[in-house]
Amino acid sequence: MGSVEGEKSHSIDPIICADNGGEPCLKSLNHDFDHSLQEDGKGADSGSDDSADVTEEVEDGVEHNDVRRVFRWCSTDEDLCEEMKTKAGDIHEVLSADHVNVGMLRNLAVRRGGLITDDIRRKVWPKLLNISVDNVVLQNDNLYDHPEYNQVVMDVRRAGGRFPPGLTDKEDELLQKQLIDLIMRILVKHPELHYYQGYHDICITILLAVGEEIAFVVVDKLSTNHLRDFLDVNMDKTRHMLNYLLPVILRVDRKLGEFMERSEVGTIFALSWLITWYGHVLKDYKSIVRLYDFFLACHPLMPVYLAAALVLHRSKEVTMEDCEMTSVHSLLSKIPDDLQFEDLISKAGEVFLNCPPSTLAKQVRTQLRKQQLHLENARKQTSRKYGQLDKKPSGKSSIVFDETSLKFIAMTALGMTASAAILAVINILSEYYY
């Protein structure tokens with residue numbers, strides 16, 4: 001994903017409005033972005049719906065390209081309530097038109113219920129990104145020679161909790177291979193991209209929803225647009241995106257925002273939400289793909305606005321905590337299981353309408369200056385606590401940091417105090433390695 005201000009090539013600028021009985025709808029205003037998507041996906045609307053079907057190859061009794069069908073994650077059209085049946089009919093009507101109205105599909109993706117089923121997502125997600133699913137060719141050359149291959153394999157091996165329950169060993173092995181190959185195809189195709197832990201969470205969601213071939217073209221487009229900043233060589237652009245979170249909260253609920261500022265909790269609690277599109281922190285697959293419907297139809301910063309909506313929803317809980325980092329961080333880093341995501345989506349749309357990114361530039365710059373001060377203080381503290389003096393041949397000393405202390409500096413760069421950074425490092429190590 002590209003920078004959110006001043007770089008039109010990687011941004012969508014929609015407006016969320018409320019002219020559908022109080023439910024949000026979406027209008028895209030950034031013609032440059034729409035045009036760039038159309039250039040990359042020429043003919044995206046010309047193919048028939050059947051072209052989206054994944055070719056099934058049977059190997060040892062397992063569908064080679066469509067393991068997701070082994071387990072029914074989402075309701076079929078026959079299982080839907082009348083309201084959703086009507087909406088599914090509306091979506092199919094738009095898709096069957098000679099010229100598909102992508103704006104209408106975006107509205108339907110945002111409104112209550114989203115795209116309803118994975119069968120519909122297979123047809124609509126590519127349309128939202130203006131990409132063609134005709135004649136998809138999956139390259140397999142040099143996938144395993146990439147310098148980040150081993151890290152990808154380790155992360156995928158640890159991602160078993162994201163796989164459908166009840167898979168046989170062969171099905172599980174095949175799904176892991178498809179996920180590894182999906183990620184490696186993107187990295188090989190785009191050598192400028194840098195893998196990060198959490199990217200695989202987004203990829204597995206898309207793979208499960210739409211199958212291997214369509215997942216490749218969808219992830220390919222997202223990796224050079226919505227997700228581009230996360231795949232940069234460092235966290236600077238990701239930090240810039242997170243800088244919007246507190247200004248949004250302050251604009252909507254100043255008491256809550258000032259409480260969070262005094263607690264010095266920073267924004268690290270929302271990092272995994274943002275870079276995985278909530279795929280790593282939510283347990284319910286249907287909730288995850290519902291959010292993906294929303295994000296694919298909206299501005300690239302919408303995951304941040306959803307984070308703001310989530311924190312605002314828990315305002316009373318937050319302000320009842322002790323106003324110090326560990327208490328607030330501990331509360332916010334755990335997402336409750338009983339959240340009503342349709343309500344949060346509506347709230348995020350409302351907040352986006354009232355506080356669009358363009359109105360927050362001054363506050364974001366203030367956040368950046370605070371982070372720079374935190375970073376400088378962190379470097380000083382880290383050099384005292386974690387650095388080791390290494391004598392150079394010239395006799396001058398330099399500070400050498402181990403991997404953990406480098407993580408510490410990165411966390412403080414995200415606006416955290418030293419104590420918050422230490423806690424976050426412990427949490428991250430526990431989450432990924434135990």
Side-chain angles (χ1 to χ4, degrees), residues 73 112 114 155 158-163 165 196-206 208-209 227 230 238 241-242 244-246 248-249 252-253 256-257 259-260 263 265-296 298 301-322 325-352 411 414-416 420 423-432 434:
W73 284 88
R112 184 171 297 276
D155 288 348
R158 289 192 290 262
R162 295 294 318 281
F163 289 3
Y196 66 91
Q197 289 179 312
Y199 183 64
H200 66 294
D201 284 295
I202 294 177
C203 291
I204 184 59
T205 300
I206 296 172
L208 289 171
L227 308 177
F230 307 149
T238 301
M241 293 181 69
L242 281 170
Y244 282 82
L245 180 57
L246 190 56
V248 170
I249 293 171
V252 178
D253 187 338
L256 173 61
F259 179 90
M260 293 177 65
S263 75
V265 68
T267 57
I268 192 63
F269 65 86
L271 178 62
S272 63
W273 306 355
L274 180 63
I275 65 175
T276 70
W277 274 15
Y278 299 80
H280 188 74
V281 294
L282 297 181
K283 298 177 182 178
D284 181 48
Y285 172 81
K286 291 182 181 179
S287 296
I288 297 171
V289 290
R290 171 66 187 102
L291 292 181
Y292 279 42
D293 296 339
F294 181 48
F295 297 153
L296 284 169
C298 290
L301 271 176
M302 197 55 76
V304 177
Y305 280 81
L306 186 78
L310 203 162
V311 175
L312 289 163
H313 174 73
R314 305 183 70 191
S315 173
K316 187 175 294 185
E317 291 179 77
V318 174
T319 53
M320 288 178 65
E321 292 288 331
D322 294 335
M325 182 281 306
T326 53
S327 296
V328 179
H329 177 85
S330 178
L331 175 70
L332 290 175
S333 61
K334 298 178 179 65
I335 296 182
D337 294 330
D338 59 350
L339 290 175
Q340 299 298 314
F341 280 100
E342 292 296 344
D343 294 339
L344 291 175
I345 286 171
S346 294
K347 181 64 174 179
E350 176 190 342
V351 172
F352 184 93
M411 300 304 175
L414 287 167
M416 305 180 69
L423 177 63
V425 168
I426 294 172
N427 288 342
I428 288 174
L429 293 176
S430 299
E431 181 177 359
Y432 282 107
Y434 297 100

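Values below: every heavy atom of this structure, side chains too, minus hydrogens, waters and symmetry copies.
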Requested in this report: Would you mind reporting whether L271 and T238 have side-chain heavy atoms less than 4.5 Å apart?
Outcome: yes
Report summary line: Nearest heavy-atom approach of R162 to L208 is O-CD1, 3.6 Å
Report task. Mind jotting down which residue pairs meet the salt bridge (Lys or Arg N to Asp or Glu O under 4.0 Å) criterion with at least one end in residues 302-316? Sequence neighbours excluded, please. Result -> R314-E317
**Report entry** side-chain contact (heavy atoms from CB on, under 4.5 Å) between E342 and R290, worked out
**Finding:** CA-CA 9 Å; E342 292 296 344; R290 171 66 187 102; 2.7 Å; yes
Query raised in the report: Do the non-hydrogen side-chain atoms of V248 and V304 ever get within less than 4.5 Å of each other?
Result: no
Requested in this report: Supply the atom-to-atom distance I249 CD1 to T267 OG1, rounded to the nearest 0.5 angstrom.
Outcome: 9.5 Å
Query raised in the report: For the residue pair D201 and Y292, what are the closest heavy atoms and their distance?
Result: O-OH, 4.0 Å
**Report entry** Counterpart residues, side chain to side chain contact (heavy atoms under 4.5 Å, CB included), relative to D337 (two or more places apart)
**Finding:** K283
Requested in this report: Please examine the side chains of L306 and F295, heavy atoms only from C-beta on, and report whether any two atoms are closer than 4.5 Å.
Outcome: yes
Query raised in the report: With sequence neighbours excluded, what pairs up with Q340 under the side chain to side chain contact (heavy atoms under 4.5 Å, CB included) test?
Result: D343
Query raised in the report: Should I268 and L242 count as side-chain neighbours, where that means a heavy-atom distance under 4.5 Å?
Result: no
Report task. With sequence neighbours left out, write down each residue that passes side chain to side chain donor-acceptor pair (under 3.5 Å) with Y278, or none if nothing qualifies. Result -> none
Report task. Can you measure from CG (L291) to NZ (K286) and round to the nearest 0.5 angstrom? Result -> 14.5 Å
Query raised in the report: Rounded to the nearest 0.5 Å, how far does CG of L274 lie from CE of M241?
Result: 4.5 Å
Query raised in the report: Can you name the side chain to side chain donor-acceptor pair (under 3.5 Å) partners of T319, sequence neighbours left out?
Result: none
Report summary line: Heavy-atom closest pair (S272 atom, F269 atom, distance to 0.1 Å) is OG-O, 4.5 Å
Query raised in the report: What heavy-atom pair brings E321 and S327 nearest, and what distance separates the two atoms?
Result: OE1-CB, 3.6 Å
Report summary line: Distance col, row C298:SG vs Y305:OH, nearest 0.5 angstrom, shows 11.5 Å
Report task. Over all heavy atoms of both residues, which pair between F230 and W277 is shortest? Give the atoms and the distance, please. Result -> CE1-NE1, 4.4 Å
Query - Inter-residue atom distance D322.CG - L331.CG, 0.5 Å rounding - result: 11.5 Å
Query raised in the report: Which atom names give the shortest non-hydrogen contact between A348 and A309, and what distance separates them?
Result: N-CB, 3.9 Å
Query - Approximate separation, where rounding is to 0.5 Å, of L282 CG and S287 OG - result: 6.5 Å
Query - Derivation of the side-chain contact (heavy atoms from CB on, under 4.5 Å) call for D284 and F341 - result: CA-CA 11 Å; D284 181 48; F341 280 100; over 6 Å; no
